[in-house]
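Working notes, beginning with the structure itself.
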Amino acid sequence: MKLSESFGLFGTSIIGEADSKYDRYLPQLHRDGSIAFTEAFDGSRITSMRARRATQWVTTLEDNDDLTYALESAGKRELRTVGSRSTMYVTDARVIFVQDKMKSRHERIVGHIRYPWIDAIVWRPRLGRFKRPTLEIWMHEDFPVKYLGSWHHYVEVELDGTVDPAVIALDLAHRVSAHNLAHGAPAWIHDRLREQSQASQLPALDDTGEGLWECPASVACPHGASYIGDSHPPAEWIGRGKKAPEAAPAASSGEQEHLARSLTILKRMLARGKSIARERGRNVMETDDLLLALLIDSETPVGQLMERHGADYDSVKRQLDIGLPWHERRPDQRRQPERIRLGKRRLRFAVALGLLNTMREINRREDLDDHVGALQCGQQLVLLAERSGVSTVRAFAQVQIGGSHIMLDELTAAHNAFTAAAALRHAPVVTWSAFSSELDPIEVVDNALYGLWQVAEKREGTDNTAEIDALEHLREFRLRYGSDESTAWTADQLARIHGRNDDFAAAAQWGGVAVEEYGRAGNTADAAYAATIVADSHNRLGEPARALPAAVDAIKGAVLAGDNELEVLARFERIKANKALGNITAAWDELRMLLPDARQRNPSMARAIVIQMAEIDPVTAAADAITLADTDIVYYGPRSAEITLAAAQSVLDVNADTTHQFLMHSVRIASAVLTNPDTVTENVDRAFTTLSGALTTTEDTQFTEQAVQLLVGPLRLLDPMRLYREECLNFLKTLKTARRFDTLAALATPIVDRLAETLLSEPEPSSGDMVALVCRQWELSRGLKHSGELEAALDVQEDLIRWMQKVAAISSTEWARLGYHLANYGADLMVAERYSDAHDKQTEAIQLLRSRLSEGDHYRNLLVRTMRVHAQLADRNGDRAVQRSRLQEALTVLDDAAGADWVDRARTEIQDLLASTDRT
């Protein structure tokens with residue numbers, strides 16, 4: 001069965017449809033966007049919490065004679081729906097999810113799980129820093145033709161780290177049991193439901209760290225909620241335990257054939273309905289789309305009835321389209337905007353005076369940043385506007401309180417106020433008094449539409465769909481009623497938003513529209529800025545030939561407007577275009593011209609200029625990069641270190657002295673970036689990467705000694721949180737891969753000493769921090785061993801084993817790492833000819849790994865390798881019996897392994913070793 005036919009947890013609910021739609025499948029919303037709770041069933045005890053993510057997984061289990069196929073099907077899970085940051089409500093009847101980010105002005109992403117559907121609840125507490133607490137809610141669903149199979153759903157809810165999921169699971173268990181007891185559960189489970197509704201605790205966590213609560217009985221979702229009011233299929237309760245009744249007998253062959261034929265017609269209808277919905281400009285199929293699908297299907301009873309009575313598909317479709325709301329019609333079906341202005345109206349003196357005084361008080365409070373006080377005055381303004389009886393004044397008051405709500409970040413209230421004002425039509429121009437300006441309804445609607453854009457802009461999230469939609473509505477209004485400049489502003493904003501979304505083709509298109517409209521309005525400065533957007537967009541699209549003329553126009557406009565900063569931006573776009581077109585000299589000369597002024601006025605532009613120069617000539621640009629880094633190490637340092645490293649690599653085979661100088665500058669700057677407390681995490685990682693490149697670029701021992709001398713002190717005092725970074729470990733691994741073992745030993749030593757000192761000062765160091773130390777100790781031991789200091793390497797490994805034993809005592813998942821390091825320690829002891837110690841460590845490793853064989857093949861692989869090394873040790877000691885015994889044991893371990901590639905290779909190698917042993 002298709003996954004798309006299964007129940008999807010998350011869907012779209014339209015704001016304001018709570019009074020006209022039932023909520024079996026999705027929660028419905030009031031006009032203010034809030035959830036429509038039913039107190040009789042949801043109750044008054046409603047709790048809410050943050051859900052970082054809610055993910056619906058589905059397993060499809062088809063009935064099949066082949067048991068192997070059925071088992072394989074049951075093990076495959078597929079992603080059905082995902083809900084990002086949401087608010088989770090727990091009521092007495094269901095769990096509701098409302099996604100924080102609105103899909104559009106009229107829609108929200110919502111979903112719910114009704115208690116009769118719940119099969120089981122699984123919870124996992126927080127594990128370490130990276131695994132947040134989670135809650136899983138399990139359900140099942142029959143296929144449309146029930147006997148063909150079912151879907152098994154589980155919704156995984158990721159919670160904030162401070163939340164205890166066991167508390168939520170217990171509360172849910174109580175509510176589910178109480179709800180099902182009161183609403184439809186069969187009598188044979190009533191006793192168990194009463195018992196579980198009063199349970200003081202849930203079952204203990206199992207060995208995997210999970211807790212499980214199973215509901216005594218449940219129904220297939222999305223049915224079984226008989227109290228919601230619409231027509232619902234009968235629900236069959238499926239139970240667990242000895243008292244559960246037997247399942248109903250299977251359908252007869254004739255019934256099965258009839259059901260299969262009905263399913264075929266249903267599928268065809270749904271497919272046609274979706275096609276008709278797309279044809280009518282919709283993304284979601286509605287009931288009228290299904291009606292049209294019925295009309296053209298002669299196999300359905302409704303279609304046959306319509307055919308007998310001569311119903312015409314096209315005429316019915318036209319009537320349905322006329323009945324659509326204006327915002328749902330296709331573009332060619334929308335009516336022209338209604339007339340806004342209608343006559344004039346002068347307010348009575350007392351009304352006008354009250355309104356003007358209230359407006360002055362609102363402005364005074366806004367000047368004092370007293371937005372709460374301004375909102376209170378705005379509410380008084382609304383009351384006065386209602387008394388005036390003039391629609392223009394009422395809409396104006398809504399705009400005022402909408403602005404106050406925005407300042408208080410009350411975006412839903414602001415949205416509602418602006419929406420009410422934007423609906424103003426056929427309203428009079430209002431004169432306050434002889435001494436004040438008129439109140440034009442067109443300006444009121446414009447301000448309301450502008451406010452709706454502000455609300456969309458302030459909402460959290462990376463999806464700008466609502467913001468774009470609001471701007472396009474505002475632009476449509478201004479094209480009819482506004483000035484060229486106000487219309488151009490909307491095109492300018494659309495260009496910027498599309499640019500932020502990396503949709504540079506749309507950004508260039510809207511930027512060109514803004515240039516033209518600003519030009520008609522005589523606004524040279526804004527036209528120049530829009531031309532800069534066009535040039536930037538074409539450069540990012542790889543179209544320098546189109547970017548160049550736009551940049552030239554932008555420069556001319558900026559010069560005419562006397563805007564030096566805008567001129568620099570426009571010139572920078574011309575530089576990028578010239579460089580891409582191969583006009584290197586022109587680009588270089590303009591960069592050199594811009595740099596001195598940018599150093600004084602615009603640090604970000606100065607950095608961008610040096611980056612562009614480095615792409616043309618890294619050696620010449622390196623001098624400017626060094627100067628900038630010495631000016632501000634935090635801002636310029638990371639990029640300057642990378643530029644000087646690139647300069648050194650570009651002259652590596654040409655000038656050894658210059659290479660040496662640039663590499664030392666790169667190391668010095670990167671070291672300063674690392675040690676500066678204001679450096680952000682991303683730049684810490686970049687500094688480690690730069691050091692890796694610098695120390696592996698050349699084999700010049702003089703440079704290496706100077707660089708090590710420069711780095712040892714700062715690394716010994718560096719913030720431990722920076723040494724825990726993965727890039728720090730990668731830095732050491734890069735030195736090992738490049739076989740710079742002396743350098744590795746010299747630089748890993750202060751890192752290991754600093755972390756060990758930090759952990760020893762903590763009463764209970766975390767296992768993650770101890771593992772980080774162990775990883776760095778391992779790299780240090782490799783550097784010492786391969787640089788000829790084997791005894792020092794063994795000392796480091798001995799300390800490493802002590803730390804790993806502490807980690808393994810906390811986390812059983814680290815036993816494999818402990819076994820790995822014990823085995824390697826034994827191997828290095830054997831190289832040092834400390835055979836007795838080597839034997840002890842290898843024996844300990846073998847015993848540990850043998851005890852964990854049931855936990856995975858990686859333990860088995862490591863055990864076999866350790867046994868081979870132990871056999872090699874016995875060979876050096878002349879103990880043939882032990883050597884042969886270990887090799888035989890390794891073969892026995894391999895006999896129990898799965899057929900992986902490494903198993904065959906290992907078996908061949910060990911058999912060859914056994915044969916060699918027999919010959920000698």
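Salt-bridge formation is not detected for the pair Glu472/Arg475: no Lys NZ or Arg NE/NH1/NH2 atom is positioned less than 4.0 Å from an Asp or Glu carboxylate oxygen. For Arg607 and Asp632, the salt-bridge test fails: no basic side-chain N is under 4.0 Å from an acidic carboxylate O. Residues Glu467 and Arg500 are paired through a salt bridge, judged by an N-O separation under 4.0 Å between the basic side chain and the carboxylate. A salt bridge links Glu516 with Arg520: the distance from a Lys NZ or Arg NE/NH1/NH2 to an Asp or Glu carboxylate oxygen falls below 4.0 Å.
The local environment of CZ in Arg601 is sparse, with at most 12 non-hydrogen atoms from other residues, nucleotides or ligands closer than 6.0 Å. Atom CD of Glu565 has 12 or fewer heavy atoms from other residues, nucleotides or ligands within 6.0 Å. Around CZ of Arg546, the count of heavy atoms belonging to other residues, nucleotides or ligands within 6.0 Å does not exceed 12.
No side-chain N or O of Asn363 forms a donor-acceptor pair with one of Arg360 less than 3.5 Å apart.
Between the Thr419 side chain and the His415 main chain, a donor and an acceptor come within less than 3.5 Å of each other. The main-chain N or O of Val673 is found under 3.5 Å from a side-chain atom of Thr679 such that the two form a donor-acceptor pair.
We find the CD-OG1 distance between Glu517 and Thr490 to be 6.5 Å, quoted to the nearest 0.5 Å.
Val444 has its side chain within reach of Leu439: a pair of non-hydrogen atoms, C-beta onward, lies under 4.5 Å apart.
Taking the six-membered ring for Trp and thresholds of 30 and 60 degrees, Trp489 and Trp453 have ring planes more than 60 degrees apart, a perpendicular arrangement.
Considering Arg364, Arg365, Gln376 as possible partners of Asp370, the one that fulfils the side chain to side chain donor-acceptor pair (under 3.5 Å) test is Arg365.
Closest heavy-atom contact between Ala507 and His498: N-CB, 3.8 Å.
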Anything under 3.5 Å between a donor and an acceptor, one on a side chain of residues 531-545, the other on a protein residue two or more places apart or in another chain? List them.
{"unit_1": "Thr532", "atom_1": "OG1", "unit_2": "Ala528", "atom_2": "O", "d": "3.0"}
{"unit_1": "Asp536", "atom_1": "OD1", "unit_2": "Arg540", "atom_2": "NE", "d": "3.1"}
{"unit_1": "Asp536", "atom_1": "OD2", "unit_2": "Arg540", "atom_2": "NE", "d": "3.0"}
{"unit_1": "Ser537", "atom_1": "OG", "unit_2": "Ile533", "atom_2": "O", "d": "2.9"}
{"unit_1": "His538", "atom_1": "ND1", "unit_2": "Glu543", "atom_2": "OE1", "d": "2.7"}
{"unit_1": "Asn539", "atom_1": "ND2", "unit_2": "Ala535", "atom_2": "O", "d": "3.4"}
{"unit_1": "Asn539", "atom_1": "ND2", "unit_2": "Glu573", "atom_2": "O", "d": "3.1"}
{"unit_1": "Asn539", "atom_1": "ND2", "unit_2": "Glu573", "atom_2": "OE1", "d": "3.0"}

